[in-house]
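First the structure, in the form of structure tokens, and then the observations on it.
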Amino acid sequence: MTIMSIVVTGATGQLGRLTVEALLRRGIPAADIIATGRDIAGIKDLTDRGITVRRADFADTDGLADAFAGADRLLLISASVPVGERVANHRRVIDAAASAGVSLVAYTSTTHADTATTVIGATHSETEAYLRDRGIPSVLLRNGWYLENYTSQLPQILQNGAVVGAAGEGRISAASRADYAEAAAVVLTTEGHTGAVYELGGDESFTLTELAAAISAAAGEQVAYADLPVADFAQVLAAAAGLPAELAEVLADADRGMNRGEMYTDSGDLRRLIGRPPVTLAEALAAALHH
């Protein structure tokens, strides 16, 4: 493989950081990796390992051009900014990537973005459409839900004896951030992915009722699933979890999408890309409980 430089946006976040580590594990020289983020203080340690660290604020067009200079491939990790600003930010990144002449943009989208009815899904759908309109060679990594979205809540879940949500009996194909990062690294470092749409998720899907049962089994404590109307779940997230009202509504709306099967996939794409079975819910729960 010819030497090329790979830009990872959002390297200051968890998925981006894991992708940088996965690229190194796959034998990409540190000198060929450009890690970017808005606040790069948290990734200064990467420079000690020979990785180029550059500031990239998605709202700063000129800065993006500098950050992407010399890039061959680029991973656009969807921004976690207020949902209303997301698409405009993504368009600026895509424009800057086009100006830099990158040969491939890999974008972390969401499962079934083309048909998703959620607020989050709409931002991904619009970004995918913009990538197509710009005609940049691209690959869509339609990442499902993170197992960490649940394992990180284990203390509260066990304290309350309940998983609370609004997903009904919708099935969720969740996977670990590390497995999604591994898939991104594979796509960035091997050929034949241009134009591909990968629906990524774990091999074993589960409902939130099954999640509660799995937590009960792993922790040896009784946990039930409390299914709420979407509006009520949003209120719980705002009141109990202290989330801003807008974010609470977006997350509750994501559960509504789950209820419709929008976070379910049986494609097997993740397993094929990473060359092994993805981490399962049971494995993730065991690791989190014995951490």
Side-chain angles (χ1 to χ4, degrees), residues 4-11 13 15-16 19 23 33-38 54 56-144 180-181 183-201 250 254 257 262-263 265 267 269-270 273:
M4 56 185 191
S5 62
I6 299 171
V7 172
V8 176
T9 71
L15 182 64
T19 303
L23 289 169
I33 301 172
I34 301 169
T36 73
R38 194 168 54 202
R54 295 177 183 166
D57 183 339
F58 286 7
D60 173 14
T61 303
D62 294 340
L64 288 174
D66 295 338
F68 300 165
D72 179 49
R73 297 185 174 189
L74 182 138
L75 176 65
L76 169 50
I77 293 181
S78 51
S80 56
V81 295
V83 170
E85 298 163 31
R86 208 176 194 185
V87 177
N89 277 336
H90 291 169
R91 284 176 175 166
R92 279 188 284 270
V93 172
I94 292 164
D95 289 343
S99 299
V102 303
S103 67
L104 184 73
V105 171
Y107 171 61
T108 63
S109 187
T110 189
T111 41
H112 312 298
D114 48 341
T115 55
T117 62
T118 56
V119 175
I120 293 175
T123 66
H124 288 299
S125 176
E126 288 179 52
T127 302
E128 288 188 6
Y130 194 71
L131 265 173
R132 280 194 301 275
D133 294 345
R134 287 300 316 253
I136 302 180
S138 60
V139 53
L140 302 178
L141 299 166
R142 288 184 172 167
N143 290 351
Y180 290 127
V186 168
V187 162
L188 290 165
T189 56
T190 55
E191 302 304 323
H193 303 287
T194 303
V197 178
Y198 294 117
E199 298 283 353
L200 302 176
V250 166
E262 294 178 12
M263 280 290 173
T265 177
S267 70
D269 285 348
L270 182 57
L273 279 176

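Applying the side chain to side chain contact (heavy atoms under 4.5 Å, CB included) criterion to Ser103, with sequence neighbours excluded, gives Asp72, Arg73.
Side-chain contact between Leu200 and Thr265 is absent, with no heavy atoms from C-beta onward closer than 4.5 Å. Side-chain contact between Tyr130 and Asp95 is present, with at least one heavy-atom pair separated by less than 4.5 Å. With a 4.5 Å cut-off on side-chain heavy atoms, Val102 and Phe68 do not count as touching. Thr194 has its side chain within reach of Leu104: a pair of non-hydrogen atoms, C-beta onward, lies under 4.5 Å apart.
Remark: the backbone N or O of Ala185 is not paired with any side-chain donor or acceptor of Thr19 at under 3.5 angstrom. Using modelled atom types, one side-chain atom of Ser5 and one backbone atom of Gly70 make a donor-acceptor pair closer than 3.5 Å. Checking side-chain atoms of Thr111 against main-chain N and O of Gly144 turns up no donor-acceptor pair under 3.5 Å. Remark: side-chain polar atoms of Tyr198 are not paired, donor with acceptor, to backbone N or O of Ser267 under 3.5 angstrom. For the pair His90 (side chain) and Ala79 (backbone), a donor-acceptor distance under 3.5 Å is present. Side-chain N or O atoms of Thr36 include one that pairs as donor or acceptor with a backbone N or O of Val8 at under 3.5 Å. A donor-acceptor pair is defined here as one N or O able to donate and one able to accept, closer than 3.5 Å; no such pair exists between the side chain of Glu262 and the backbone of His112.
Side-chain contact annotation: Arg92 with Asn89, donor-acceptor N/O pair under 3.5 Å present.
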Could you walk me through whether Leu75 and Ile6 pass the side-chain contact (heavy atoms from CB on, under 4.5 Å) check? CA-CA 8 Å; Leu75 176 65; Ile6 299 171; 5.7 Å; no
Between Thr127 and Ile94, does a side-chain contact (heavy atoms from CB on, under 4.5 Å) hold up when you go through it step by step? CA-CA 9 Å; Thr127 302; Ile94 292 164; 4.0 Å; yes
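For Ala113 against Ser125, the heavy-atom pair with the smallest separation is O-CB, 3.4 Å. The two residues Gly257 and Thr118 have their closest heavy-atom pair at CA-CG2, 3.6 Å. For the residue pair Thr108 and Ile77, the shortest heavy atom distance occurs at OG1-CA, 3.3 Å. When all heavy atoms of Gly121 and Thr110 are compared, the closest pair comes out as CA-CG2, 4.1 Å. Closest approach of Arg54 and Asp66 over heavy atoms only: NH1-O, 3.5 Å. When all heavy atoms of Ala67 and Ile34 are compared, the pair lying nearest together is O-CG2, 4.0 Å.
Under the 4.0 Å criterion applied to side-chain N and carboxylate O atoms, Arg142 and Asp114 are assigned as salt-bridge partners.
Exactly one residue among His124, Glu128, His193 makes a side chain to side chain contact (heavy atoms under 4.5 Å, CB included) with Leu140. That residue is Glu128.
In this structure, OG on Ser78 lies 8.0 Å from CG on Asn143, to the nearest 0.5 angstrom. Annotation: the span from Leu76 atom CG to Phe58 atom CZ amounts to 5.5 Å, rounded to 0.5 Å.
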